[in-house]
Amino acid sequence: MTKSRTSRKKRLLIGVAGLGIFAALAIFGIRSYQAEDLPKAETQLKFDRAALDFTHAFDAEAMLPFLASAAFDMDGDTRPELFLGGGVGQADALFKYVDGAFKRTDVVFEKLDTAATHGAAHLDVDGDGDTDLFLARSNAVALFINQNGEYTKSSATFPLAENTTPLSIALGDINSDGHVDLYISGYLKIDRIEGETIFTGNYGGYSALYLGQPNGTWTDATSQAGVLRQHNSFTAGFVDLDGDSLQDLVVAQDTGVIETWKNSNSLPLTRTENPSVNSYPMGLGFGDIDNDGDVDIWASNVGHTLPGKLLRGDLPEDALFNTDYYLLENDGTGKFTDVAKEKGVARLGFGWGSVIADMDLDGRADLLAAQNYARLPGNGLLRSYPGKLLLQQTDGTFADATAVSPDAGFGISPLVADFNADGAPDLVWANLAGESRAWVSAGGTGTSIRVPLPNRTEFLGALVRVTDSTGRQQSKRLITGEGLGSDSSRTLIFGLGDAEFTQAEIILRDGSRQMFKTAIDGTLTWKN
């Protein structure tokens, strides 16, 4: 009997050990599948961590998982302030960079306790020379007018469908009438959400296009523009994709595609094809990754954090589906080729906001992406990602430099601006349900040219071309809303590497232009 019991005990122990080994191998397999094999960048780029006292208050039962961020010059001193949106019951906050730290100002933005702030966009709306602020909150979109450094909520309204929560705001002038237009990306209200992998059927909130009027109001032109449809959307941008000086529209759908709409100087807009298929494009970055003078698109996706079969949701088996990030290279006419795999940036972890910026000032555009799945404390199956800073190499591929400015939170969007006015881009990771993290440039970069553009409607979509002593020409357009629920500074920064500045040209959408042969302290200033 004793021998029999001993034998059973041994078999039980062996079985338990086997299960343990199997579980360990399964976890190892999942984590190996989630792992990223990116080449490490060799770079002299350096950042210093700057104090930033903002911990976002997230209520998963009462709000969608988004928060606003923006960088804009509130007080006219040429240095941008930092705006971060609060969660339910939490005030929005505005910070000024002083003596190596971001210090909270006493600026107040009127807010109901029941509202979370999801998105922000800034512009001098009333033409008085300072910066006003649009905020997308869980209950409405509001315009705050800057009056000598104090923000007062205006009477402007932007009604949305009854089932919709606004997430982000893109600013442009789609009809070229000199009045700012808004595209508001809408998502289903939290109490209406039925699932996160629904691709088919009539499901989701409604986005809206509002056209600015001469009397300072806005008119809903969503149907007139041909962009009325029921589908959850994350963010959008007004972008001249084909070089005709008219602002086209790019929209990132959830459980959908990247929509591209051509503007032919009259409504409706025309839907155009691009390589995106059924996926989860969340953030949008706009820039010229190959220095050929046009605008390319960098879009995050769910990546390989979770199995594709789980993420396909209700899609038919034969439906095209993609979990990779997109890097859409423009041929100059608005036709795109997805080069993400070719450039080594397709297979990344679960992504949110994405941005294109030359972080090391070598004259080549780099890529940033905020990351993280909804992490479960103590769960070893879901991998934590620190957010990505990918530096473009001389061969056009990208290498990982995340270690120089890592993020340790639930990243919603990277925000790029020159907060310390040294001519190099700084970086803020806007984080949900935790501390946002700020990194300020500390050397290891090339030289640069700064182009602070006036924050007025006529400059939205402005084109700046800079030529250096090697003959290289770089082009950037002023595009709002890069990232996710975010809006970066209106100062465009051009990296020169070891070269010297030769000349530059600023061209507005109406054809107005100014040439520059010299730069004062590395800065080009538009002469009004």
Side-chain angles (χ1 to χ4, degrees), residues 63-68 116-121 134-138 140-141 158-172 174 181-190 192-210 220-223 225-239 247-261 268-269 271-272 274 276-286 297-302 313 322 326 328 351-354 370 412-413 479-487:
M63 62 176 289
L64 295 171
F66 300 91
L67 81 153
T117 305
H118 293 146
F134 293 93
L135 295 179
R137 289 177 167 157
S138 52
V141 173
F158 306 89
L160 299 174
E162 184 272 336
N163 72 340
T164 299
T165 291
L167 287 191
S168 58
I169 304 166
L171 303 179
I174 203 164
D181 306 320
L182 285 72
Y183 187 88
I184 302 169
S185 297
Y187 207 94
L188 202 62
K189 287 183 177 179
I190 189 168
R192 308 287 185 91
I193 293 176
E194 299 174 15
E196 297 177 347
T197 59
I198 300 174
F199 284 84
T200 62
N202 295 322
Y203 176 76
Y206 291 85
S207 299
L209 174 65
Y210 276 91
D220 189 342
T222 314
S223 295
V227 295
L228 177 64
R229 66 264 185 262
Q230 184 176 14
H231 203 116
N232 287 328
S233 295
F234 284 117
T235 191
F238 290 105
V239 188
Q247 292 183 304
D248 308 304
L249 178 65
V250 183
V251 182
Q253 293 183 336
D254 188 18
T255 56
V257 299
I258 300 169
E259 295 180 313
T260 46
W261 299 82
L269 305 177
R271 180 80 174 266
T272 60
N274 65 68
S276 67
V277 298
N278 293 304
S279 51
Y280 296 82
M282 286 173 274
L284 290 174
F286 303 107
I297 301 172
W298 161 239
S300 62
N301 206 340
V302 290
N322 175 47
Y326 292 101
L328 303 183
W352 295 80
S354 48
I412 293 298
S413 187
I479 301 169
T480 77
E482 263 200 292
L484 178 55
S486 54
D487 199 6

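Computed from a prediction, not measured in an experiment: that's the story for all the values here.
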Checklist entry - For Glu162, does its backbone N or O pair with a side-chain atom of Thr164 as donor and acceptor, under 3.5 Å? => result no

Checklist entry - How long is the span from the CD atom in Glu482 to the CD1 atom in Ile297, to the nearest 0.5 Å? => result 11.0 Å

Item to check | Closest heavy-atom pair and its distance - Pro166, His118 | outcome: O-ND1, 3.1 Å

Checklist entry - Which pair of non-hydrogen atoms, one from Trp261 and one from Thr272, has the smallest distance, and what is that distance? => result N-OG1, 4.3 Å

Checklist entry - Taking the inter-plane angle between the rings of Tyr187 and Phe66 on a 0 to 90° scale, is it parallel (under 30°), tilted (30 to 60°) or perpendicular (over 60°)? => result tilted

Next on the checklist: Between Lys189 (side chain only) and Gly205 (backbone N and O only), is there a donor and an acceptor less than 3.5 Å apart?
Outcome noted: no

Next on the checklist: For Asp487 versus Ala121, what's the shortest heavy-atom pair and its separation?
Outcome noted: OD2-CA, 3.3 Å

Checklist entry - Taking atom CG of Asn232 and atom CZ of Arg192, what is their separation to the nearest 0.5 Å? => result 12.0 Å

Checklist entry - Can you find a heavy atom in the side chain of Phe238 that is under 4.5 Å from one in the side chain of Leu182? => result no

Checklist outcome for this item: Value for CG (Leu209) from OG (Ser223), rounded to nearest 0.5 Å, stands at 10.0 Å

Checklist entry - If we ignore angles and hydrogens, is there a donor and acceptor under 3.5 Å between the side chains of Tyr206 and Thr222? => result no

Checklist outcome for this item: Between the CD1 atom in Ile190 and the OG atom in Ser138, the distance rounded to the nearest 0.5 Å is 9.5 Å

Checklist entry - Is it true that a side-chain atom of Asn301 and a backbone atom of Asn322 form a donor plus acceptor pair closer than 3.5 Å? => result yes

Item to check | Derivation of the side chain to side chain contact (heavy atoms under 4.5 Å, CB included) call for Phe286 and Val250 | outcome: CA-CA 10 Å; Phe286 303 107; Val250 183; 4.1 Å; yes

Item to check | Distance, nearest 0.5 Å, that separates CE of Met63 from OG1 of Thr117 | outcome: 8.5 Å

Item to check | Minimal non-hydrogen separation, Ala120 against Ala68, with atom names | outcome: N-CB, 3.8 Å

Next on the checklist: Any side-chain to backbone donor/acceptor pair from His231 onto Thr255? Under 3.5 Å, distance only.
Outcome noted: yes

Item to check | Check: Leu171 main-chain N/O paired with Thr480 side-chain donor or acceptor under 3.5 Å | outcome: yes

Item to check | Atom of Ile198, atom of Gly195 and distance for their closest heavy-atom approach | outcome: CD1-N, 3.9 Å

Checklist entry - With no hydrogens and no angle check, is any side-chain donor or acceptor of Asn163 less than 3.5 Å from a backbone partner on Leu188? => result no

Checklist entry - Can you find a side-chain donor-acceptor pair between Ser185 and Thr235 that sits under 3.5 Å? => result no

Next on the checklist: Keeping Ser300 on the side-chain end and Trp352 on the backbone end, is there a donor-acceptor pair under 3.5 Å?
Outcome noted: yes

Item to check | Tyr210 side chain reached by Asp181 side chain, heavy atoms, under 4.5 Å | outcome: no

Checklist entry - If you measure from CD1 on Ile258 to CG on Leu328, what distance do you get to the nearest 0.5 Å? => result 5.0 Å

Item to check | Any residue meeting salt bridge (Lys or Arg N to Asp or Glu O under 4.0 Å) with Glu194, in chain and number order, not counting sequence neighbours | outcome: none

Next on the checklist: Given 3.5 Å as the limit, does a donor-acceptor pair link the side chain of Asp254 with the main chain of Met282, or not?
Outcome noted: no

Checklist entry - Given side chains that start at C-beta, do those of Ile174 and Tyr183 come closer than 4.5 Å, heavy atoms only? => result no

Next on the checklist: Using side-chain heavy atoms (C-beta onward) and a distance below 4.5 Å, is Leu64 in contact with Ile193?
Outcome noted: yes

Next on the checklist: To check you understand the geometry: which heavy-atom pair defines the closest contact between Pro268 and Gly226, and what is its length?
Outcome noted: CB-N, 4.0 Å

Checklist entry - Side chains of Phe234 and Leu284: closer than 4.5 Å at any heavy-atom pair? => result no

